[in-house]
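Here is the naming used below: chain letters follow the sequence lines, and residue numbers restart at 1 for every chain.
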Amino acid sequence: MNIRETLAAMVLLVGLLPTAALSTGPDGLSLFKENCVVCHRPDGEGSIGLPLQKTKFKALSDDYLRKTIRNGRPGRLMPAFDSLSDSQVEAIIAYLRKWSGSQSAEFPAMIVKGDEVNGKRLFQGHCVNCHGEAGNGSGEGTGQSYSRERDFKVIPPAIGNAGFLASVSDNMLHDVITNGRQGTLMGAYGRLGLSPQDINDIIVYLRSLPTLQKVQEAENGKTPEPSIIVESPHDFETTVKNLKKALSGYNFRVFPDRHLEQGLFPEWEVNKKQLTVRYCNFNHLYAILKVEPRLGIGLPCRITVVENEEGKVLLIGMNMTLIAKLFNNNQLQDYAREFHERQLDIIEEVTF
Amino acid sequence: MKQLIYTVFLLLFFTSHVQAENVMMVRTYDTFDVTLESVKQSLTDYGYKVAHVQKCDGGLGQFGFTTDAYRVVFFGKPDEVRYWSKKEPALIPYLPLKIAVFAEGDQVLVVSFNPEELGALFADREIKIQFSRWKNDIKSVLRDVSGQP
């Protein structure tokens, strides 16, 4: 084969590749494994994401699934999968249909009318215990926990969440409230005393909620500093001593000293003027892990005392509000704000 | 030619940033100990040194809390940690880098920040490139650990 023929063959091959890919289409199972399994588990048992019970799917429309994948759940861990193509999203839905042995539930498009005031009253009487005030979700965290004790084995969904409300149609909501959710704690309120109009009222109330996400998204708009850096007026040793004292005063357990470079360089080469003071309050830690089990990547809490080449002593800590922002977890953000304030107080005490 | 390379670089960087996840995570079906060892081995294979492993479950257990195995692996390339801690003190809280490994029943989750997300907060182009490299390496480690092709 001469050069011209080889080139022609290559051009033909490259031209054929996309055709071959198009003819088979995206693989739903692979996409499910790649994007969903890490949070929902391969069998759909649920993890930090809600369980995907097979029985649940027959009551869900493809439109709801499509919008759920696209919108995610702002502030409730599930990201918006906006980098997936339409055909990839459809392939995931097709796989879920096959896996659950279900077909798309059809709900006629309709906007229900009702009494918001009565809806609020009914919501607070029947829904708040599981779905939280304003539908923000009750209980600690999301999905289900395998080792940490929480109020619910499976955390009920936040039905006031902007992502949920943008995904669900009024008629689907009506159906869920009327018939409940098989295999979950959600009862069939159509048989538990609520009339169709009562259910409409609840839907109207839900649609009227000022979503918490909007407030938090506005806060998220501000770009936080990655770290807190404060210069100490004291020398290195005094700063470390004061820091440990202040941490104990705030009920933190202080771990043994660890230099930033420790474990990376031989002991004699380690910079001894970069000391990381690690601390923890295990009650707080457990509470936070219930809300966000992945938080380990921000642990342990630590403030590093550094004496730089100019002789300045600095206290440097992680900005937990920034870390919380990365997790798409509103509950964690509440803890992070509190923690951040406490960390600033401690540093102020040290540098006073 | 230089301009073309620069354009391609920008394109690649921008594309990967747009598609970036904030938290990178994989699930494994090996035992916890096997997964932890696999994380450490893979980090070593990519030229990183494991500085230490924090036993979060140990402390929680001592205080009477129920939790599955939970460890945090601290790792870095010694010269990079030294260089960046000196050049950009704001990076110190994020150094050495970390991967959390925690059991969830019979499965294990392996999690890390996407360093590129932090890199986006810094104007310095050198930091962005460094964070991008860390992201690619961590992604490779997670891929290896999960057994994905």
* Is there a donor-acceptor pair under 3.5 Å between the side chain of B/Q54 and the backbone N or O of B/V72? -> no

* Asked: With distance as the sole test, does B/Y70 use its side chain to make a donor-acceptor pair with the main-chain N or O of A/G296 at under 3.5 Å?
  -> yes

Parallel, tilted or perpendicular, as decided by the 30° and 60° cut-offs, for the rings of [Y] and [X]:
| X | Y | answer |
| --- | --- | --- |
| A/F255 | A/F282 | tilted |
| B/F122 | B/F131 | parallel |
| B/Y94 | B/F113 | perpendicular |
| B/F75 | B/Y48 | perpendicular |

At a heavy-atom separation under 4.5 Å, does [X] approach chain B through its side chain, its backbone, both, or neither?
| X | value |
| --- | --- |
| A/E309 | side chain |
| A/V306 | side chain |
| A/I48 | both |
| A/P226 | both |
| A/R302 | side chain |
| A/L326 | both |
| A/C280 | neither |
| A/L322 | side chain |
| A/T304 | side chain |
| A/E261 | side chain |
| A/R253 | side chain |

Top residue by heavy-atom pair count (under 4.5 Å) with chain A, among [options]?
| options | answer |
| --- | --- |
| B/R82, B/K49, B/K98, B/K86 | B/R82 |
| B/A103, B/P89, B/S146 | B/P89 |
| B/T66, B/V73, B/V23 | B/T66 |
| B/V81, B/L95, B/V26 | B/L95 |
| B/G64, B/G105, B/S85 | B/S85 |
| B/A90, B/A100, B/P78 | B/P78 |

* Checking salt bridge (charged side-chain N to carboxylate O under 4.0 Å, His left out) for the pair A/K244/A/D257: CA distance, chi angles, key distance, verdict? -> CA-CA 10 Å; A/K244 290 180 181 175; A/D257 289 351; 2.7 Å; yes

* Asked: Does the salt bridge (charged side-chain N to carboxylate O under 4.0 Å, His left out) test come out yes or no for A/D86 and A/R70, once each step is laid out?
  -> CA-CA 10 Å; A/D86 288 347; A/R70 285 290 187 215; 2.7 Å; yes

* Among A/N271, A/N283, A/N308, residue most engaged with chain B (heavy-atom pairs, under 4.5 Å) -> A/N283

* Indicate the atoms forming the closest heavy-atom contact of A/N328 with A/M78, along with that distance. => ND2-O, 3.2 Å

* Asked: Taking all non-hydrogen atoms of both residues, which atom of A/V291 and which atom of A/N329 are closest, and how far apart?
  -> O-ND2, 3.1 Å

* Select one option (side chain, backbone, both, neither) describing which atoms of B/L60 are under 4.5 Å from chain A's heavy atoms. => both

* At a heavy-atom separation under 4.5 Å, does B/L118 approach chain A through its side chain, its backbone, both, or neither? -> side chain

* **Cation-pi check, A/R342 onto A/Y250 ring (under 6.0 Å, within 45° of axis)** => no

* Audit row: B/R27, A/S47, side chain to side chain contact (heavy atoms under 4.5 Å, CB included) steps and yes/no -> CA-CA 11 Å; B/R27 180 178 292 278; A/S47 163; 3.0 Å; yes

